[in-house]
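Down below is the structure, laid out as structure tokens.
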Amino acid sequence: MSKQQPIFIYGITIKDDRGKLKNCQLCGAKFTMSVKEHQCKRCKRAVCDKCAPNKAQVQKADGLSKKAHRLCNFCKDESDSLKRFLEQYKISFNKDSFSQQWLQSFGTDTTKAKNDFYNALDDAKLSKDTNAYDIFKAKLEVVINDIDGFVNYSIKDFMVAALKNVESFRQKEVVKTSILRVAGTLLLLYPQIGYSHEIVLITYFLLCFASEASAYILLTAIYAHILPSQLYPKANTKYDLVNENSIVVGVLKDALQVDLNDMSVIKSFLSQKLRQYLVTFSINLFLFETTFFIISSVLMSGSNGYMDLLAQMAVLCQLSNQEMQKNKFNHEETELFMLRSLRTNQLSVLYKQTQNCDFESYKKVYITTRSDSIKVDNLNLSARQSMIKPDMQKVSEINQKLQEQVDRRDLENKKLNEEIIQLRDKVKQLQKENSILLNQQQNNDSEMYKIKLHEMRIDNSELKSQIEQLKNEISKLKLQKEDDARSNATKQKTETIDSDYENDLQEISQFKLKYEQQIRNLKKQAEEKKLQNQPNTMQIDELKESYENKIKLLQKQVQQLQQQDNIEEIRDLKIQNQQLQKKLEKMKDEKSKSELLQQKNDEIDLLTELNEELTKENQRLSKQFRDLKSQSGTSSAQQIKVLEEQNKLLEMKLDQYNLLIQELMVNINKVKLEKQKQLEFSDLKFKQKEDLEDVKMVAEIRTVQTQLLKGLLKENQAQLSDLIAAITQMRQILEKSKSLKL
């Protein structure tokens with residue numbers, strides 16, 4: 001089977017013109033670098049971006065496409081209208097829907113149609129002329145495949161949707177069986193009609209709106225009361241459609257007011273194409289909604305349906321007249337335009353203008369409009385037709401109601417589209433507002449962060465002022481000590497006191513430097529957080545609280561310095577040592593090693609500062625000793641007195657340091673005992689653990705504790721050794737000074 005052309009059914013070839021056209025086929029915009037050309041995958045139009053913003057799955061010969069393809073606005077609107085139609089009227093294959101109204105036009109209903117169909121099935125079994133039926137049966141499956149593969153995109157969408165109530169693997173078999181029963185029965189009872197592929201296509205279309213029984217009655221009525229016998233497939237005479245052409249032209253001239261100069265192209269089109277439009281009932285030659293409007297109007301007209309079909313053809317020619325004149329005698333392009341572009345709302349308006357036409361006056365030759373050779377006694381159609389005489393006005397009213405429903409749906413669709421556009425605008429507006437709110441929130445966060453930093457700066461300035469006050473108080477203390485001095489020995493003593501105070505100042509300045517460094521680190525962290533737009537205000541508050549606590553500690557130390565003398569400084573050292581032990585106990589609960597090491601480093605710094613004090617004092621004494629040597633003998637006695645007083649002070653200080661060393665040794669013993677207790681405690685915990693993960697955690701805690709305690713002991717021992725060495729040096733200096741005195 002050819003992939004491009006159908007073999008049996010008549011269809012319109014849709015060319016792929018992408019890249020061959022210069023303008024959009026919907027809006028007429030010229031294709032440029034900025035206005036790109038696209039193709040609607042449903043109707044194959046060449047369109048621009050604005051006319052084809054939609055994407056959806058498309059029906060192909062092998063089924064529904066897996067991916068979504070581009071759709072033009074025209075196809076999108078027509079496809080949505082088709083979906084609403086199917087849902088509103090609950091269209092389903094082999095079920096009665098519009099067939100009930102159509103049957104009434106021929107004086108019957110679904111109940112009578114079932115009885116007539118069952119009688120026809122029984123009569124068909126007795127038929128002797130089966131030539132037409134045999135041809136039909138042999139070609140049926142191939143023709144159905146041809147229909148499924150090559151009906152136009154709109155009819156295809158409709159047929160697929162109508163078969164949705166049938167399982168996909170059974171669809172072809174169900175369609176084949178139903179068409180075989182309906183059309184096969186017609187050909188067995190009326191073999192004079194003859195077989196044609198159009199019978200299969202018409203039956204397939206009718207079964208989408210009717211049961212098998214109703215479809216059989218409607219198909220019989222089409223060939224008995226609508227189509228003339230000259231158009232039967234078995235008709236031997238070549239019928240030239242003279243009357244049909246003259247009727248269509250007459251309607252165009254009188255009712256539709258078409259210019260006479262355009263008639264030559266229209267007549268040429270009718271002479272070549274009219275037969276196909278009549279024998280197919282326009283199926284597969286227009287969009288679904290246009291085909292449905294034509295067939296419904298024809299069937300509702302009863303025995304006048306053939307004249308109604310010709311009037312519909314006149315309206316279609318008038319709607320396509322401009323395109324006909326443009327294409328001249330290229331009628332394939334005109335057919336393609338009629339398929340793609342003609343819709344029900346255009347057709348219904350002009351169709352009303354043809355209702356008052358005198359079709360008989362346009363005929364040139366008398367012909368029968370229905371077959372007298374087909375006997376319809378079992379249907380009693382002739383009797384019912386003469387009794388009912390369908391009213392054309394009633395038909396037009398029904399068509400008008402249908403058109404009003406279509407118009408109403410179009411208005412609803414437009415309103416929905418407008419609401420969608422409004423909702424999209426609201427969504428965009430809300431997105432903008434959301435972005436503005438996010439920016440405002442970020443700005444507020446950054447401002448809050450700036451405020452926190454400003455508060456920290458204020459705290460820093462307050463700390464500086466407190467340090468200045470401390471310096472002033474220390475200077476006052478210096479003045480007070482100088483006033484109380486009585487001799488050179490006391491003066492030397494004040495110098496030692498001053499050095500101690502200077503060391504205290506150095507400690508405070510070092511703490512100040514550390515504090516300023518922490519502030520600088522905080523600023524860096526603030527800048528990083530600001531870049532990330534995620535400020536951690538909780539961390540800043542915690543740091544601020546810690547700094548406030550440290551400031552309070554400083555203030556306490558200042559008060560202690562004001563109230564205590566040099567002896568009380570040694571007590572402070574004891575207190576600091578006790579604080580170290582407390583910090584060691586707190587280390588058990590801390591998580592990170594880095595924080596533990598940092599605290600240990602701070603403690604080591606305190607001990608090293610003590611060592612530095614001793615070394616400085618040793619250097620100062622050695623310098624004084626050298627200066628004494630260089631001085632003359634006249635002042636030696638006074639200097640010896642001064643040295644004696646200094647020796648006394650040094651001895652007192654040595655006693656103090658010895659006490660400090662003893663206290664440190666006691667602390668070391670306490671630490672050792674605490675270590676043993678911790679090891680015993682950890683061993684007990686280790687025995688109680690049953691889970692492997694808990695055992696690992698306990699082992700890690702024990703190793704960390706032992707390492708920390710070992711490090712602390714080593715550091716304390718090293719510091720003690722340094723202190724002992726410094727003391728021995730000081731003793732040597734004292735011995736030298738005594739020898740000089742002697």
Side-chain angles (χ1 to χ4, degrees), residues 1-6 9 11-87 91 145-164 168 171-172 208 283-292 332-333 335-343 409-410 413-414 416-417 420-421 423-424:
M1 182 183 291
S2 172
K3 293 183 179 180
Q4 297 180 353
Q5 294 284 340
I9 64 170
I12 297 170
T13 303
I14 301 177
K15 297 179 182 179
D16 188 356
D17 292 330
R18 187 174 185 180
K20 300 177 183 179
L21 300 175
K22 296 181 180 180
N23 300 89
C24 174
Q25 290 184 290
L26 286 180
C27 68
K30 187 176 181 180
F31 295 130
T32 60
M33 293 294 290
S34 59
V35 181
K36 293 184 180 180
E37 178 185 1
H38 299 282
Q39 185 186 55
C40 175
K41 298 301 181 183
R42 189 167 180 266
C43 66
K44 307 298 182 185
R45 284 187 178 96
V47 288
C48 63
D49 288 321
K50 292 182 180 179
C51 294
N54 316 289
K55 285 195 175 183
Q57 291 175 302
V58 179
Q59 288 291 343
K60 295 183 177 180
D62 56 349
L64 189 67
S65 64
K66 294 181 180 179
K67 295 182 179 180
H69 295 284
R70 191 178 293 274
L71 287 187
C72 66
N73 291 332
F74 191 94
C75 281
K76 181 69 167 59
D77 183 59
E78 191 261 331
S79 178
D80 292 343
S81 177
L82 174 59
K83 290 176 183 177
R84 291 194 298 271
F85 174 82
L86 290 163
E87 291 174 0
I91 305 300
N145 291 334
D146 209 35
I147 292 170
D148 290 339
F150 296 102
V151 289
N152 68 58
Y153 50 88
S154 184
I155 300 293
K156 179 70 175 177
D157 287 348
F158 166 71
M159 287 182 169
V160 169
L163 283 164
K164 66 182 179 182
S168 58
Q171 285 180 358
K172 284 191 176 181
C208 293
I283 300 172
N284 199 35
L285 302 176
F286 300 102
L287 297 173
F288 164 75
E289 64 178 55
T290 305
T291 301
F292 174 76
E332 286 73 19
E333 290 294 329
E335 279 188 308
L336 182 57
F337 169 80
M338 294 170 75
L339 165 63
R340 285 174 169 172
S341 305
L342 299 184
R343 298 192 66 174
R409 287 198 301 273
D410 290 338
N413 189 20
K414 288 180 181 178
L416 288 173
N417 288 330
I420 289 168
I421 293 169
L423 288 173
R424 286 177 180 171

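These numbers come from the heavy atoms of this one structure, side chains and all, not from hydrogens, waters or symmetry mates.
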pair Phe286-Met338: side-chain heavy atoms closer than 4.5 Å:
yes

Please check this pair: side chain of Arg45 against backbone of Arg340, looking for a donor-acceptor N/O pair closer than 3.5 Å.
yes

Rounded to the nearest 0.5 Å, what's the gap from CG on Asp49 to CD on Glu37? Could you check?
11.0 Å

Min side-chain heavy-atom separation Val151-Ile9 under 4.5 Å
yes

Heavy-atom closest pair (Ala46 atom, Gln25 atom, distance to 0.1 Å) is N-OE1, 2.8 Å

Within the structure provided, determine whether Asn145 and Lys172 are in side-chain contact (heavy-atom separation under 4.5 Å).
yes

Ring center gap for Phe292 and Phe158 short of 6.0 angstrom:
no

Quick check: do Arg42 and Cys72 have side-chain heavy atoms less than 4.5 Å from each other?
no

Closest heavy-atom pair and its distance - Val58, Lys41:
CG1-O, 3.7 Å

Atom of Lys60, atom of Ser65 and distance for their closest heavy-atom approach:
CE-CB, 4.1 Å

Does Lys156 reach the main-chain N or O of Asp148 with its side chain, forming a donor-acceptor pair under 3.5 Å?
yes

Interatomic distance, Leu21 atom CG to Gln39 atom CD [nearest 0.5 angstrom]:
10.0 Å

Looking only at non-hydrogen atoms, find the nearest pair between Ile12 and Glu335 and report the distance.
CD1-O, 3.6 Å

pair Ser81-Arg84: side-chain heavy atoms closer than 4.5 Å:
yes

Side chains of Lys30 and Val35 in contact at under 4.5 Å (non-hydrogen atoms)
no

Do Leu82 and Glu289 make a side-chain contact, defined as non-hydrogen atoms from C-beta onward lying under 4.5 Å apart?
no

Shortest non-hydrogen contact between Val47 and Cys24, atoms and distance:
CA-SG, 3.6 Å

Separation between CZ of Phe74 and CG of Asn54, rounded to the nearest 0.5 Å:
13.5 Å

For the residue pair Ile14 and Leu339, establish whether any side-chain heavy-atom pair is separated by less than 4.5 Å.
yes

Looking only at the side chains, is there a donor atom on one of Asn73 and Lys50 sitting less than 3.5 Å from an acceptor on the other?
no

Electrostatic pair Lys76:Asp80 at N-O distance under 4.0 angstrom:
yes

Nearest atoms (heavy-atom pairs only) where Arg343 meets Leu287:
CG-CD1, 4.1 Å

